[in-house]
Amino acid sequence: MASSSCFLRSILFSSPTNLRSNHHLPTFFPKNHLICSHSTSSRFESLSVSSIGTGSTKKSSDTRRKVKSMATTNIGKKEKKRVEIYDLEENLAIDLAKFTADLSDKFCKERGAFTVVVSGGSLIKSLRKLVESPYVDSIDWARWHFFWVDERVVPKNHDDSNYKLAYDSFLSKVPIPPGNVYAINEALSAEAAADDYETCLKHLVNTNILRVSESTGFPKFDLMLLGMGPDGHVASLFPGHGLCNESKKWVVSISDSPKPPSERITFTFPVINSSAHVALVVCGSGKAEAVEAALKKTGNVPPAGSVSAEDELVWFLDKPASSKL
Ligand code: 6PG
């Protein structure tokens with residue numbers, strides 16, 4: 001990968017911390033992370049709210065996990081959609097780690113690679129159990145390919161950088177090969193960086209690292225891990241913004257993001273919704289109304305209500321975020 005003609009190039013210092021402090025980089029995360037561098041009535045019946053979870057990694061937790069079954073409804077022929085509600089964010093994080101690790105095992109065995117996309121925001125903190133025992137030692141990190149669903153066009157050592165956020169709390173703690181981490185080229189304009197990232201994805205399709213959805217023709221990531229803003233935005237797709245309707249491009253730029261910073265790039269809905277598995281991770285009472293609108297499809301349905309997946313969509317909610325369901 002790293003040596004392919006894939007329009008990727010190494011950046012000299014990939015650690016945002018290192019950029020500031022000149023500390024040594026971990027040996028498994030050296031100076032060559034790659035960047036893309038080429039120039040109704042409630043439709044609640046369609047939702048499966050399956051449980052209030054209490055985490056599943058401790059002994060006997062399987063019996064404790066399904067504490068309360070709120071509703072179970074089968075939906076759609078193909079896509080499985082469910083909502084998991086946790087008494088505590090801590091237990092959500094435990095189950096999210098197991099969910100991710102199980103998919104990692106499956107895809108690493110089935111296809112020798114696992115393509116994972118993350119958002120910025122609090123999602124990264126909710127992934128913290130993955131970098132702890134047992135997962136930090138059991139996951140086949142060498143087969144991971146790591147992407148961002150959206151990124152702010154700022155230097156990688158900037159506090160607003162989603163790369164820095166993921167690096168500091170996640171990437172610096174696991175041995176994902178640097179060549180498998182696809183950061184944006186923030187030296188480009190937002191528009192050029194979006195084109196560059198899309199070109200990078202197309203190369204990864206050509207080299208069979210990234211699959212393509214047979215039904216949509218868009219890239220099919222194995223797992224997309226998304227947060228949601230209080231207004232119901234996902235990625236950098238904001239309520240009422242025209243980019244929510246983009247139907248052709250894979251990656252687009254936005255220069256008027258209502259959430260600062262204003263310059264960003266983002267995957268489009270056709271890409272998000274062509275994923276095999278999507279996890280939408282939402283915590284806190286400040287997001288309860290958007291969760292309600294997205295899941296019950298009431299009022300102005302926010303962008304999060306348009307998220308789907310080809311195989312499985314799971315909403316991971318804590319109790320406060322689910323309080324209006
Ligand atoms: C970004 C994110 C964005 C984020 C939501 C939720 O770069 O801004 O990718 O989509 O996931 O805004 O963020 P919080 O979980 O921090 O509220």
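Just the heavy atoms: all of them, side chains too, but no hydrogens, waters or symmetry mates, feed the values below. Atoms within a ligand are numbered from 1 in the order they appear, just like the ligands themselves.
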Quiz item: Where do Thr115 and Ile209 come nearest, in terms of heavy atoms and distance?
Solution: CG2-O, 3.4 Å

Quiz item: Do the two ring centres, one from Phe316 and one from Phe99, sit under 6.0 Å apart?
Solution: yes

Quiz item: With only distance considered, is Ala235 within less than 3.5 Å of ligand 1 through an N or O on each side?
Solution: yes

Practice problem: Pick one of side chain, backbone, both or neither for how Leu226 approaches ligand 1, counting any non-hydrogen atom pair under 4.0 Å. | Solution: neither

Quiz item: For ligand 1, is there an N or O atom under 3.5 Å from any N or O atom of Val149?
Solution: no

Exercise. Can you sort out which atoms of ligand 1 are near Arg264, meaning under 4.0 Å from one of its heavy atoms?
Key: 1 (C), 7 (O), 8 (O)

Quiz item: With a 4.0 Å cut-off, would you call Glu312 and Arg82 a salt bridge?
Solution: yes

Quiz prompt | Identity and distance of the protein heavy atom lying nearest atom 2 (C) of ligand 1 | solution = Asp150 OD2, 3.4 Å

Self-check item: For atom 16 (O) of ligand 1, the protein heavy atom that lies nearest, with its residue and separation
Solution: Ser122 N, 3.0 Å

Quiz prompt | For atom 13 (O) of ligand 1, the option (of Glu151, Lys125, Lys259, His233) bearing the nearest heavy atom | solution = Lys259

Self-check item: Per-atom contacts of ligand 1 with Ser119, taking only distances under 4.0 Å to non-hydrogen atoms
Solution: 9 (O), 11 (O)

Exercise. Could you tell me the separation between the CD atom of Glu263 and the CG atom of Asp256, rounded to the nearest 0.5 Å?
Key: 9.0 Å

Exercise. May I ask you to decide whether Asp102 forms a salt bridge with Lys98, counting only side-chain N to carboxylate O separations under 4.0 Å?
Key: yes

Quiz item: Aromatic rings Phe107 and His277: how do their planes relate, parallel, tilted or perpendicular, breaks at 30° and 60°?
Solution: perpendicular

Exercise. Could you list the atoms of ligand 1 found under 4.0 angstrom from a heavy atom of Gly121?
Key: 13 (O), 14 (P), 16 (O)

Quiz prompt | CA sep, side-chain torsions, deciding dist, call: Val136, Leu130, side-chain contact (heavy atoms from CB on, under 4.5 Å) | solution = CA-CA 6 Å; Val136 71; Leu130 277 174; over 6 Å; no

Quiz item: Is the His145 ring parallel, tilted or perpendicular to the Tyr182 ring (thresholds 30°, 60°)?
Solution: parallel

Quiz prompt | Subset of ligand 1 atoms that lie under 4.0 Å from at least one heavy atom of Lys287 | solution = 14 (P), 15 (O), 17 (O)

Quiz item: With a 4.0 Å cut-off on heavy atoms, is Arg152 touching ligand 1?
Solution: yes

